[in-house]
Amino acid sequence: MYTGSLAAVSRREDWIAVSPLIDDDGEEVTLTDATFEMFICLQGLPDNAVLSGSTADGKITLPSATTFQWAYTPDDMAVLCAGTYDVFLRVTIAGVVTQILSCTVPIVEGGPT
């Protein structure tokens with residue numbers, strides 16, 4: 001699981017990230033039957049997502065057999081005020097749920113609309 005901090009994102013831009021899922025042996029995991037859930041919460045309030053996404057709602061997609069991508073639009077990001085948020089990302093493969101991210105992301109102002 002990755003812990004730490006993601007790069008800052010403006011609340012007025014698209015937030016798109018693509019990554020392979022790497023197992024403990026350093027190999028890419030096949031994700032064809034995987035489902036993902038992502039939650040962005042005010043820091044210190046992990047039970048109350050301000051923004052979320054999943055493979056079910058299309059915010060998270062599988063662009064290849066071994067990569068996942070999340071994509072939030074500026075309209076999605078506008079619900080976030082400037083500040084630091086906790087990010088949680090889980091994947092389910094063959095009925096097994098694995099937390100792959102538990103980190104923070106700084107959200108910055110993006111200027112006028």
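Just so you know, these numbers come straight off a predicted model, no measurement behind them.
Side-chain atoms of Q99 come within 3.5 Å of backbone atoms of L101 as a donor-acceptor pair (strictly under, hydrogens ignored). At least one donor-acceptor pair under 3.5 Å links the side chain of D23 to the backbone N or O of D25. Checked by atom type and distance alone, the side chain of S52 never pairs as donor or acceptor with a backbone atom of A49 at under 3.5 Å. Put simply, the side chain of S64 gets close to the backbone of T67: a donor and an acceptor are under 3.5 Å apart.
Side-chain contact between Q43 and D86 is present, with heavy atoms from C-beta onward closer than 4.5 Å. Counting heavy atoms from C-beta outward, I22 and V29 have side chains that stay 4.5 Å or more apart. Counting heavy atoms from C-beta outward, T32 and L62 have side chains that stay 4.5 Å or more apart. At least one side-chain heavy atom of F36 sits less than 4.5 Å from a side-chain heavy atom of L31. Under the 4.5 Å side-chain criterion, counting only non-hydrogen atoms from C-beta, L51 is not in contact with W15. Side-chain contact between V91 and I100 is present, with heavy atoms from C-beta onward closer than 4.5 Å. Side-chain contact between M38 and Y72 is present, with heavy atoms from C-beta onward closer than 4.5 Å. The side-chain heavy atoms of P74 and R12, taken from C-beta on, include no pair separated by under 4.5 Å.
Scanning all heavy atoms of the two residues, the minimum distance from S10 to M77 falls at O-CE, 3.8 Å. P46 and C41 make their closest contact through O-SG, 3.6 Å (heavy atoms, listed as atom of the first residue, atom of the second, distance). Nearest heavy atoms, P63 versus V18: CG-CG1, 4.3 Å.
The side chain to side chain donor-acceptor pair (under 3.5 Å) check on D76 picks up K59, T73, with sequence neighbours excluded.
If you chain together hydrophobic residues whose side chains sit under 4.5 Å apart, Y2 and V9 fall into the same group. Tracing side-chain contacts under 4.5 Å through hydrophobic residues (I, L, V, M, F, W, Y), one reaches L45 starting from L89; they form part of the same cluster. A continuous path of Ile, Leu, Val, Met, Phe, Trp and Tyr side chains, each step under 4.5 Å between heavy atoms, connects V79 with V105, placing both in one hydrophobic cluster.
For F88 and F39, the gap between ring centers reaches or exceeds 6.0 Å.
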